[in-house]
Engineer: 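My questions will all concern the structure given below.
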Amino acid sequence: MYQINHFQVRYSQQSSVIQFNGKVSIQQGDCVLLHGNSGCGKSTLLLALKGLIPNFIYATIAGELNYQNKPITQLTLQQSAEIAYLAQNPHQQIICPDVFSELAFGLENLALDKQTIEVKIHQILAEFKLTNLLNRSTATLSGGEKQIINLVAILLQQPKVLLLDEPTAFLDPQSAQQVMTILANYRSKMTIVIVEHNLAYIKSLVDRVIHLTDQHQLIEMDPTKLNWQLKLPCLIPQSPLKYTNHLLKISGLTFGFCSDSAPLLQQINLSIAQSEIIGLTGVNGCGKSTLLKLIAGIIPSSEQIFWQHQAINRLKPQQLWHKISLVWQNPETHFLANSVSSELNNNLDLMRQFNLEDVANSSPYNISEGQKRRLALAIVLQQPSQLILMDEPTFGQDYQNKLDLAQQIKNLAEHGYAFILVSQDHQFLQALTKRCYQLDQGCLSLC
């Protein structure tokens with residue numbers, strides 16, 4: 001299916017070249033893990049395998065990248081349609097206002113009749129147990145729900161090649177296992193290339209590992225020699241901590257977007273003190289991100305959320321946002337400048353702290369998703385805050401960067417910052433938190 005031979009990519013207005021040295025091939029029916037550190041070029045290679053680079057994303061290429069013995073620059077429209085690509089950031093791939101239209105769009109472009117489209121959509125949603133999302137607005141979907149809908153839309157078109165960039169990053173464990181089970185059922189029908197840092201989910205699916213080294217070498221790796229279950233060390237103090245300076249208290253918070261339906265959040269009670277780190281988990285769409293937006297004042301609330309005994313709805317936005325910062329699930333929400341260094345006001349210490357020196361002159365939109373995630377936190381740290389809310393902080397992070405991020409959060413907590421971490425990465429939460437809550441059917445409980 002593919003031949004890669006000393007391939008290179010240089011994005012527009014960037015002097016550095018992303019290199020893929022060595023010679024590897026991908027055969028029909030292979031399921032390949034593309035493995036390497038965050039920022040090494042894995043997502044760029046997937047974009048090239050799809051033909052988006054250089055056919056739609058302007059970049060200069062060199063070396064050899066062939067699809068079915070034909071240069072990737074010479075893909076026909078039919079061949080391009082055979083190659084499906086799931087983007088790392090689920091927010092980037094949704095194009096229609098509602099779920100049914102999103103799923104129907106690709107099938108309409110295949111000129112299928114209305115009845116056939118409806119039958120196919122209902123069949124695959126039943127397979128994924130997602131019929132409850134059929135009439136939802138895509139704007140109201142969680143990041144995890146968007147990722148699943150993107151995948152369903154792709155599978156409906158029955159591609160020959162499936163390129164997956166971090167498919168489980170926004171999924172709760174149950175949904176991730178469900179997706180892997182369905183992918184296993186499609187396994188014999190297509191060639192699959194996966195970029196994924198949550199290796200435990202895909203171990204049973206993968207039969208080949210192609211590793212991209214820090215020296216930009218593509219090498220075949222024995223799957224049995226890969227550590228599929230890396231564990232973070234415990235970073236929380238072993239002795240009990242006494243938190244005395246309470247910053248935030250939520251008392252009996254009930255919230256829903258529609259008055260005629262059951263509330264999304266019901267009788268939420270929560271408190272957090274200075275230097276405390278607490279975790280929040282739950283299935284996709286349960287309201288975790290909504291709760292963070294309520295705490296940050298992005299969504300108005302009644303007098304049920306208090307900052308140092310004062311209702312936050314009585315604080316002016318500027319007052320509140322100097323106390324509470326939200327690191328959004330989509331890191332691009334934070335970007336305003338043309339380069340990473342400009343986003344950080346040329347602060348070399350911050351760039352070193354978050355391992356961003358190598359991309360200092362790059363556009364923040366052109367760096368890897370893991371680097372974007374770290375940049376978003378660095379941007380937030382430039383403003384005065386006491387409580388930092390983080391939505392899916394480990395998305396796109398390899399083990400080392402995840403460990404570094406955990407250490408940075410711990411260090412910041414020791415200097416007085418408090419954190420609420422929303423994450424599906426239970427191992428990350430276990431490494432940092434003594435209190436972790438699960439949000440289930442609107443209710444919050446310790447887990």
Engineer: In the structure I gave you, are the side-chain heavy atoms of Q427 and L230 within less than 4.5 Å of one another anywhere?
Structural biologist: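 They are not in side-chain contact.
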
Engineer: Could you verify whether a donor N or O on one side chain and an acceptor N or O on the other, from T140 and S137, lie under 3.5 Å apart?
Structural biologist: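 No pair is found: no donor N or O on one side chain lies under 3.5 Å from an acceptor on the other.
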
Engineer: Are any side-chain N or O atoms of N284 and backbone N or O atoms of E145, one a donor and one an acceptor, separated by less than 3.5 Å?
Structural biologist: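 Not confirmed, N284 side chain does not pair with E145 backbone.
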
Engineer: Just by distance, no angles: are the side chains of N411 and Q407 close enough, under 3.5 Å, to form a donor-acceptor pair?
Structural biologist: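 Indeed, the side chains of N411 and Q407 share at least one donor-acceptor pair under 3.5 Å.
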
Engineer: May I ask you to check whether D222 and T224 show a side-chain donor-acceptor distance below 3.5 Å?
Structural biologist: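 Side chains of D222 and T224: pair found under 3.5 Å.
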
Engineer: L162 and side chain to side chain contact (heavy atoms under 4.5 Å, CB included): which single residue from V193, I194, I192 fits?
Structural biologist: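 Only one of V193, I194, I192 forms a side chain to side chain contact (heavy atoms under 4.5 Å, CB included) with L162, namely I192.
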
Engineer: Is there a donor-acceptor contact under 3.5 Å from the side chain of S341 to the main chain of A360?
Structural biologist: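 Judged by distance alone, yes, a pair lies under 3.5 Å.
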
Engineer: Go through it in stages, so that I can follow the logic: the residues are L375 and V340, the test is side-chain contact (heavy atoms from CB on, under 4.5 Å), and I'd like the CA-CA distance, side-chain angles, deciding distance and then a yes or no.
Structural biologist: CA-CA 8 Å; L375 176 58; V340 170; 4.0 Å; yes

Engineer: For residues L226 and H211, determine if any side-chain heavy atom of one lies less than 4.5 Å from a side-chain heavy atom of the other.
Structural biologist: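 No. Closest side-chain heavy atoms not under 4.5 Å.
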
Engineer: Report yes or no: does K42 contribute a side-chain atom to a donor-acceptor pair with the main-chain N or O of G36 at less than 3.5 Å?
Structural biologist: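 Present.
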
Engineer: Do D404 and Q400 get their side chains close enough for a donor-acceptor pair, meaning under 3.5 Å?
Structural biologist: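 The criterion, which ignores hydrogens and geometry beyond distance, is satisfied for Q400 and D404.
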
Engineer: For the residue pair V161 and L49, establish whether any side-chain heavy-atom pair is separated by less than 4.5 Å.
Structural biologist: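 Not in contact.
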
Engineer: With a 4.5 Å cut-off on side-chain heavy atoms, are R374 and Q408 touching?
Structural biologist: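 Side-chain contact under 4.5 Å: no.
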
Engineer: Counting C-beta onward and ignoring hydrogens, is there a side-chain heavy-atom pair between T281 and D172 closer than 4.5 Å?
Structural biologist: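 The answer is no, as the side chains (C-beta and beyond) never meet within the 4.5 Å cut-off.
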
Engineer: Is any side-chain heavy atom of F428 less than 4.5 Å from a side-chain heavy atom of P393?
Structural biologist: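 They are in side-chain contact.
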
Engineer: Considering residues at least two apart in sequence or located in another chain, which fulfil the ring pair (Phe, Tyr, Trp, His ring centres under 6.0 Å) criterion with F100?
Structural biologist: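 Not a single residue meets the ring pair (Phe, Tyr, Trp, His ring centres under 6.0 Å) criterion with F100.
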
Engineer: Does either side chain, that of N345 or that of Q382, offer a donor lying less than 3.5 Å from an acceptor on the other one?
Structural biologist: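 Present: a donor and an acceptor within the cut-off.
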
Engineer: So Y201 and Q177, do their side chains get closer than 4.5 Å, heavy atoms only?
Structural biologist: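 Yes, at least one pair of side-chain atoms sits under 4.5 Å.
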
Engineer: If you take all heavy atoms of W321 and A296, which pair is closest and at what distance?
Structural biologist: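 Smallest heavy-atom distance, with atoms named: NE1-O, 2.9 Å.
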
Engineer: Could I get the full list of side-chain contact (heavy atoms from CB on, under 4.5 Å) partners for W328, not counting sequence neighbours?
Structural biologist: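 Counting only residues at least two positions away or on another chain, W328 forms a side-chain contact (heavy atoms from CB on, under 4.5 Å) with K293, I298, L326, T333, H334.
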
